[in-house]
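Reckoned from all heavy atoms, side chains included, excluding hydrogens, waters and symmetry mates. From a predicted model like this one, the values you see are computed outputs, not experimental measurements. We count ligands from 1, going down the list as the structure has it; atoms in each ligand are counted the same way.
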Amino acid sequence: MGKMTDIALPDIGDFHDVEVIEILVAVGDTVAVEDSLMTLESDKATMEIPSPSAGVVSEVRIAIGDKINKGDVIFVIDSADAVEEFVVADEVVEEPAVQAEAAPVEPAPAAATQASSVAERMIDIVIPDIGDFKDVEVVEVIAQVGDEVAKEASLITLETEKATMEIPSVFAGKITALTVKIGDHVNQGDVIGQMKASVAEAAAEPEVEQTPTPEIAAPVEEEIDDRAPGEKESQRRPVIAKPSDAPAGKAHASPAVRRFARELGVDLYHVPGSGQKGRITKEDVQAFVKRTLREGAPQVTSSGGFGLPAQPTVDFSKFGEIEQKPLGRIKKISGKHLHNAWLGIPHVTQFDEADITELEDFRKAQKTAAEKAGVKVTFMPFLMKALAMALREYPQFNASLAPDLESLIYKKYLHIGVAVDTPDGLMVPVIKDVDKKGVFELAADLMDVSQRARDGKLSPSDLSGGCISISSLGGIGGTQFTPIVNSPEVAILGVSKAEMQPKWNGSEFVPRLMMPFSLSYDHRVIDGAEGVRFTQRLSSLLSDIRRLVL
Ligand code: CAO
């Protein structure tokens with residue numbers, strides 16, 4: 001056992017008694033520095049609380065629904081080998097994890113009149129203290145010229161790589177000018193418009209005391225994973241989900257949209273975003289709900305999900321000794337995604353095989369060259385090259401269904417996800433631009449991502465953008481299996497162990513190294529004939545890799 005360290009809630013600005021809406025780790029989970037531990041939500045902000053260091057969670061001191069404050073001990077972590085990285089409770093509060101405080105920014109009324117009177121004044125709308133963020137991009141302009149806004153109504157949304165924050169109005173009033181547009185970059189103190197504000201004035205008080213302190217929504221960590229909240233929320237209310245809405249990974253949305261979605265019981269994970277960089281807007285949530293109601297899609301509930309009857313609860317201890325251990329975070333997330341894909345996509349699995357005798361000879365012949373290049377060349381890089389070529393020839397396999405299910409989005413790029421077996425569960429890092437890379441480069445990429453997956457060091461960008469996935473169990477064994485399509489992709493290749501088999505060449509049986517593989521695909525997009533043409537083409541490319549250079 002290493003050093004037991006209390007992890008306290010860091011400084012979260014002016015927020016008090018903030019509700020725990022999600023706990024992202026369980027006892028026994030291994031966490032890395034900056035891994036999100038929990039999500040808090042106030043009426044103004046949503047924020048993830050990152051771990052200050054690495055270790056194994058030994059105690060979870062909070063529960064969903066708890067109201068907590070800065071300094072409260074929320075977890076105990078066994079810091080094991082990483083003791084020097086740990087920040088104890090007292091230190092945590094010195095180091096804010098989320099910037100939620102905002103400094104006064106609006107000018108006070110120029111002159112006081114009578115105590116408690118309200119005057120209308122033209123006031124500059126100014127970007128408040130947004131912490132250490134500079135040149136922050138405007139991703140949403142919520143208010144418009146002419147709008148009557150309430151005090152603290154959100155005006156614009158800013159986004160950095162790490163955070164999303166809403167800028168609220170300091171006063172109630174009418175917007176008369178807005179000089180920012182989506183894509184602009186702003187800094188603290190920038191004037192972004194004017195408003196005719198109703199300003200309460202108090203006579204004979206110093207200006208500074210009249211100046212309202214704007215509360216800005218705390219930055220929301222970009223990596224909030226909206227899969228888990230849906231799952232947790234479902235214990236309180238049903239979550240609307242439509243299986244055909246292929247989840248696109250992380251949900252990017254402002255705190256207001258998150259709140260709106262939560263009120264409607266919508267799991268943002270299922271909502272396609274139409275905003276810049278795929279951000280989910282309020283209109284997207286509304287459209288999603290309308291479509292779901294119109295199409296009569298099933299509801300995911302905590303019971304059975306997708307309208308299925310709930311599983312019966314069995315007391316296994318009646319039959320013998322048992323031990324119950326919580327599922328790890330990755331298993332929980334990937335499990336939900338797989339379940340969704342399995343139920344939402346009409347799967348067909350096509351089985352085939354490839355004669356890789358020559359390929360294997362060639363691979364072995366490259367061993368010395370590969371060692372010199374510092375890579376281990378397994379069969380996978382060749383498979384990736386062949387798959388990339390087949391995808392070019394059959395573009396419907398390199399596509400995703402549009403959110404309205406009425407069209408197909410063809411991708412001109414070729415990024416391939418590779419399922420990696422890690423101690424914490426299945427992860428699918430994506431190797432980018434496979435068609436532009438050589439076998440050694442792909443081997444190096446594969447070594448890199450699979451190692452980082454096993455070390456828990458993959459970044460969100462490593463896990464996104466895939467066009468198709470490969471699940472290779474060939475290094476382990478098995479003859480055939482039916483992989484689940486990694487939505488929103490439309491196909492996945494499953495590879496099993498190659499073995500020598502006698503093959504009839506027209507006059508005699510000859511030993512050939514045969515690799516069995518399977519292709520699961522979304523039958524809404526791909527017909528059976530296309531499926532088998534694709535697997536046959538892949539088989540022919542692998543059987544004679546000279547075709548890869550044609
Ligand atoms: N047939 C026979 N041998 C194979 C093979 C196949 N289809 N595929 C790989 N091998 C061999 C490799 O060539 C290597 O042999 P050498 O050491 O002699 O070169 C050995 O098996 C081990 O390979 P590997 O698994 O270390 O490397 P890889 O590049 O083939 O695969 C990776 C990398 C990351 C895909 C793999 O390690 C992995 O994690 N696979 C599991 C994926 C998984 O869990 N899928 C299930 C998802 S659905 O639940």
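A distance-only check finds no donor-acceptor pair linking the side chain of K437 to the backbone of A443 [under 3.5 Å].
Atom 36 (C) of ligand 1 has as its closest protein heavy atom R454 NH2, 3.8 Å. In terms of protein heavy-atom proximity, atom 35 (C) of ligand 1 is nearest to A419 O, 3.6 Å. Of all protein heavy atoms, the one closest to atom 43 (C) of ligand 1 is L473 CD2, 3.5 Å. The protein non-hydrogen atom at the shortest distance from atom 29 (O) of ligand 1 is T378 OG1, 2.5 Å. The nearest protein atom to atom 44 (O) of ligand 1, hydrogens excluded, is given as D421 CB, 3.5 Å; this is a heavy-atom distance. The nearest heavy-atom contact from the protein to atom 3 (N) of ligand 1 is G474 O, 3.6 Å. Of the protein's non-hydrogen atoms, the one nearest atom 49 (O) of ligand 1 is L426 CD2, 4.2 Å. Of all protein heavy atoms, the one closest to atom 26 (O) of ligand 1 is K376 NZ, 4.4 Å.
Atom 24 (P) of ligand 1 lies below 4.0 Å from none of the non-hydrogen atoms of the protein.
Less than 4.0 angstrom separates some heavy atom of S471 from each of these atoms of ligand 1: 45 (N), 46 (C), 47 (C), 48 (S). Atoms of ligand 1 found under 4.0 Å from any heavy atom of M380 (numbered from 1 in listed order, with element): 28 (P), 29 (O), 30 (O), 31 (O). Short contacts between ligand 1 and S472, defined as distances under 4.0 Å to a heavy atom of the residue, involve ligand atoms 40 (N), 41 (C), 42 (C). Remark: ligand 1 atoms within the under-4.0 Å shell around heavy atoms of G475 are 4 (C), 5 (C), 8 (N), 9 (C), 10 (N), 21 (O). Contact atoms of ligand 1 toward V495: 7 (N) (distance under 4.0 Å to a heavy atom of the residue). In the vicinity of L446, heavy-atom distances shorter than 4.0 Å reach the ligand 1 atoms 29 (O). Atoms of ligand 1 found under 4.0 Å from any heavy atom of V420 (numbered from 1 in listed order, with element): 34 (C), 39 (O). Near R363, with a cut-off below 4.0 Å to any heavy atom, the atoms of ligand 1 are 13 (O), 19 (O).
The two residues A386 and L541 come nearest to each other via the heavy atoms O-CD1, 3.5 Å.
For a threshold of 3.5 Å applied to N or O pairs, the pair formed by S450 and ligand 1 contains no separation below that value. For ligand 1, the polar-atom distance check against A498 finds a nitrogen or oxygen pair separated by under 3.5 Å.
Judged by distance alone, the side chains of S274 and D284 do bring a donor and an acceptor atom under 3.5 Å apart. Side chains of N505 and S507: a donor-acceptor N/O pair is present below 3.5 angstrom, by distance only. Residues D424 and T422 bring no donor and acceptor atom of their side chains to less than 3.5 Å of each other.
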Would you please test D355 and K503 for salt bridge (Lys or Arg N to Asp or Glu O under 4.0 Å) and show each step? CA-CA 10 Å; D355 181 341; K503 285 283 163 183; over 6 Å; no

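Looking at heavy atoms from C-beta onward, D448 lies out of side-chain contact with L446 at the 4.5 angstrom threshold.
Each of R512, K364, R363, R546 was evaluated against E358; a single residue qualifies, R512, per the salt bridge (charged side-chain N to carboxylate O under 4.0 Å, His left out) test.
Under 4.0 angstrom from ligand 1, there are no non-hydrogen atoms of I484. Contact annotation for P483 and ligand 1: no heavy atom of the residue comes within less than 4.0 Å of the ligand.
In this structure, Y521 and F397 have perpendicular ring planes: the angle between them is above 60°, well past the 30° mark.
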